[in-house]
Peer 1: 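Before we start, here is the structure in question, set down as structure tokens.
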Amino acid sequence: MPNLDDILEHIGEFDLFQKQVSFVLCFVSAAFAPIYVGVVFLGFTPKHRCLSPGVAELSSRCGWSLEEELNYTVPEQERHGESFSSQCRRYNVDWNTTGLGCINPLENFTVYGNRSSIPLTPCQDGWVYSSSGSSIVTEFNLVCEDSWKVDLFQSCVNAGFFLGSVYIGYIADRFGRKLCLVVTILVSAISGVLVAFAPSYLWMVIFRFLQGLVSKGSWTAGYILITEVVGPSHRKTVGILYQVAFTVGLLFLDGVAYAIPHWRWLQLAVTLPCFLLLFYYWCLPESPRWLISQKQNDKAMKIVNYIAKKNGKKLPAHFQNINLEEEGGEKLSPSFMDLVRTPQMRKHTFILMYNWLTSALLYQGLIMHMAMAGGDMYLDFFYSALVEFPAAIIIILTINHIGRRYPWAVATLVAGAACLIMALIPEDIHWLKVTVGCIGRMGITMSIEMVCFVNTELYPTFLRNLGVMVCSSLCDVGGILAPFIVYRLSEIWHELPLVVFAVVGLIASGLVVLLPETKGKILPETIEDVENLHRQENPREKIIYLHVQTQEVAH
């Protein structure tokens, strides 16, 4: 019996229906960007100093400028030989004391002698922030001893991603892509609104965790649905465009954050449009591949006929039934053990997991290591997002002629090599260091895009969503490890994190070569198909050849 790829050749592999589905699902990818990196704006930490009671009144009476106020009332500390105003300590004096002069008022506290001998105390009365906007940092005072709570805020999202990757993937494979997509969008949108109205830091973290628990599941379910309704020759294109939509979401987030510098309103602005995505329930069909894998061929054929009608094609009479030859003739259900049950499945799973880990580690690690203080936050974010577009263009231009495996391996190799070269470039040649860093960022962006759609091509239909979710969960582990590697190892040697990234990236590049090439191959339907992937040159030609030979023998 013919499979779905055979039928799509006749009713359209990437015609009007597939283009419309791809376009509307790209909004899921764009909506995921504010959840993934929204902490850049939600958790922005502006310059700050201790609130000292009486200083504002004294400054107003004396007519000080801000520079004079800081010079007279804020203690200085030294770090790496440079002086800066203390953000976490203030002078332990009473600024409401009568008779304080306007020229060096600290001299009035003669009991302390010179300025350096005046005792300091923690910021007991709060902080003064230089930003006119607001963030979770300024509202909940997440600075100094509580600065780790910003990390926890983001870690809760990654923890949600990690846990959700497993059970959401199972739900999508067990109950369908469409149901999983709609439910996770609804829960994510509600959680996002609750974050905006959270009355305390604790509730904000809880709601943020819930949002992370389902949001990555909706992104991946949308990705799977896109790749399952198009033909083999177009899967790479829609996969890349789906991830380009994420980059568009980054630019959208940057613009909205610039226009709305208040975190609660910003959170609402990027969350409320997600409720419009619930219309997917009425305008998107279920994946016919999933229906076939669940032995629901009648429902699958209705969707196939709808696709043919939408594309202005007519389904040939001899394609009025489709079937999936399953092991044992029973409906296939996803199992975690299936991911490592056979040799090829086991190899694919471990290599993909490591490359997901590597992609997140290098992607986020390079951003952190290249970050420069004092720049324009919105422009820096804008430029770092733009660099992802050339990565997508390079993939589209090369993957048709070369395939998946070697461009992926080379991109990861370039990222790892760039990290090593950056570690060897002296600090005074800053422009060269930044240039090489951008090349590395482009390489690892290509690797992320490659691992996403190759992951879907290396698992059978009934296991595909679970396989992608489990493997991509290592991406969240990489996101958790990245800040610790960057900030802790740099205390030993500033370039040590880059050396670690280089080693991890080079190993990942070598492992990619061990995977089979999936260019132009039919999506595997069973575990046996996966085991045969590395031996297949052109499976369709082999099937036709055997069919012809059988007829000749019969005559």
Side-chain angles (χ1 to χ4, degrees), residues 1-30 176-182 185 221-245 248 276-324 392 395-397 399-401 453 456-457 461 464 518-525 538-541 543-544 547:
M1 294 227 178
N3 58 31
L4 184 61
D5 286 331
D6 295 321
I7 294 178
L8 287 176
E9 288 186 357
H10 291 81
I11 65 175
E13 292 186 285
F14 192 58
D15 283 350
L16 180 61
F17 170 81
Q18 287 90 347
K19 291 175 182 178
Q20 289 180 343
V21 169
S22 299
F23 176 75
V24 297
L25 284 176
C26 277
F27 287 103
V28 176
S29 185
R177 283 44 164 152
K178 179 180 174 179
L179 178 63
C180 177
L181 180 65
V182 173
I185 287 173
Y223 186 90
I224 294 292
L225 186 54
I226 280 183
T227 58
E228 288 187 343
V229 297
V230 302
S233 61
H234 297 280
R235 287 198 303 265
K236 57 165 183 54
T237 302
V238 296
I240 293 171
L241 292 177
Y242 189 72
Q243 294 173 84
V244 168
V248 175
L276 296 175
L277 302 182
L278 295 177
F279 284 103
Y280 287 166
Y281 182 81
W282 294 278
C283 66
L284 285 180
E286 180 57 87
S287 166
R289 291 185 191 275
W290 179 81
L291 291 172
I292 295 170
S293 72
Q294 299 300 303
K295 280 300 199 180
Q296 301 181 39
N297 286 7
D298 291 340
K299 292 182 179 180
M301 284 306 302
K302 290 182 180 179
I303 295 176
V304 167
N305 284 308
Y306 174 77
I307 295 174
K309 181 180 179 181
K310 194 75 174 178
N311 290 340
K313 305 290 181 65
K314 186 176 181 180
L315 185 66
H318 61 285
F319 281 151
Q320 290 300 319
N321 192 21
I322 51 181
N323 188 30
L324 172 66
I395 289 178
I396 293 175
L397 293 178
I399 207 171
N400 277 333
H401 305 287
F453 69 82
T456 65
E457 296 176 335
T461 300
R464 187 166 297 126
T518 57
K519 173 190 173 185
K521 292 187 177 179
I522 299 173
L523 284 174
E525 304 287 1
N538 192 329
R540 192 180 304 278
E541 290 182 2
I543 293 174
I544 294 175
H547 179 67

Peer 1: Using 30° and 60° as the class boundaries, would you call the ring planes of Phe279 and Trp282 parallel, tilted or perpendicular?
Peer 2: tilted

Peer 1: Taking all non-hydrogen atoms of both residues, which atom of Ala392 and which atom of Ile240 are closest, and how far apart?
Peer 2: CB-CG2, 3.7 Å

Peer 1: Return the minimal non-hydrogen interatomic distance between Gly222 and Leu181, and the atom names on each side.
Peer 2: N-CD1, 4.0 Å

Peer 1: Aromatic rings Phe14 and His234: how do their planes relate, parallel, tilted or perpendicular, breaks at 30° and 60°?
Peer 2: parallel

Peer 1: For Ile307 and Gln18, run side-chain contact (heavy atoms from CB on, under 4.5 Å): C-alpha distance rounded to whole Å, both residues' side-chain angles, the deciding distance at 0.1 Å, then the answer.
Peer 2: CA-CA 8 Å; Ile307 295 174; Gln18 287 90 347; 4.0 Å; yes

Peer 1: Does Glu228 come within less than 4.0 Å of Arg177, counting only side-chain N to carboxylate O?
Peer 2: yes

Peer 1: Between CD1 of Ile292 and CE of Met301, what distance do you get to the nearest 0.5 Å?
Peer 2: 8.5 Å

Peer 1: Apply side-chain contact (heavy atoms from CB on, under 4.5 Å) to the pair Leu8 and Ile11, showing each step before the final yes or no.
Peer 2: CA-CA 5 Å; Leu8 287 176; Ile11 65 175; 4.1 Å; yes

Peer 1: Where is the tightest heavy-atom contact between Pro285 and Phe17, given as atom of each residue plus distance?
Peer 2: CG-CZ, 3.5 Å

Peer 1: Restricting to non-hydrogen atoms, name the atom on Lys178 and the atom on Tyr281 that form the minimum distance, rounded to 0.1 Å.
Peer 2: NZ-O, 2.8 Å

Peer 1: In chain order, what residues pass the salt bridge (Lys or Arg N to Asp or Glu O under 4.0 Å) check against Lys313, with sequence neighbours excluded?
Peer 2: Asp15

Peer 1: I need the Thr237 OG1 to Ile226 CD1 distance, nearest 0.5 Å.
Peer 2: 11.5 Å

Peer 1: Rounded to the nearest 0.5 Å, what separates atom CG in Asn311 from atom NZ in Lys19?
Peer 2: 9.0 Å

Peer 1: What's the verdict on side-chain contact (heavy atoms from CB on, under 4.5 Å) for Gln296 and Glu286, showing C-alpha distance, side-chain angles and the deciding distance?
Peer 2: CA-CA 11 Å; Gln296 301 181 39; Glu286 180 57 87; over 6 Å; no

Peer 1: Do Leu225 and Trp290 touch side chain to side chain, with heavy atoms closer than 4.5 Å?
Peer 2: no

Peer 1: About how many Å separate SG of Cys283 and CG of Leu277, when rounded to the nearest 0.5 Å?
Peer 2: 9.5 Å

Peer 1: Run Leu25 and Tyr280 through side-chain contact (heavy atoms from CB on, under 4.5 Å) and show every step you take.
Peer 2: CA-CA 9 Å; Leu25 284 176; Tyr280 287 166; 4.0 Å; yes

Peer 1: For Cys26 and Ala245, work out which heavy atoms get closest and say how close.
Peer 2: O-CB, 3.4 Å

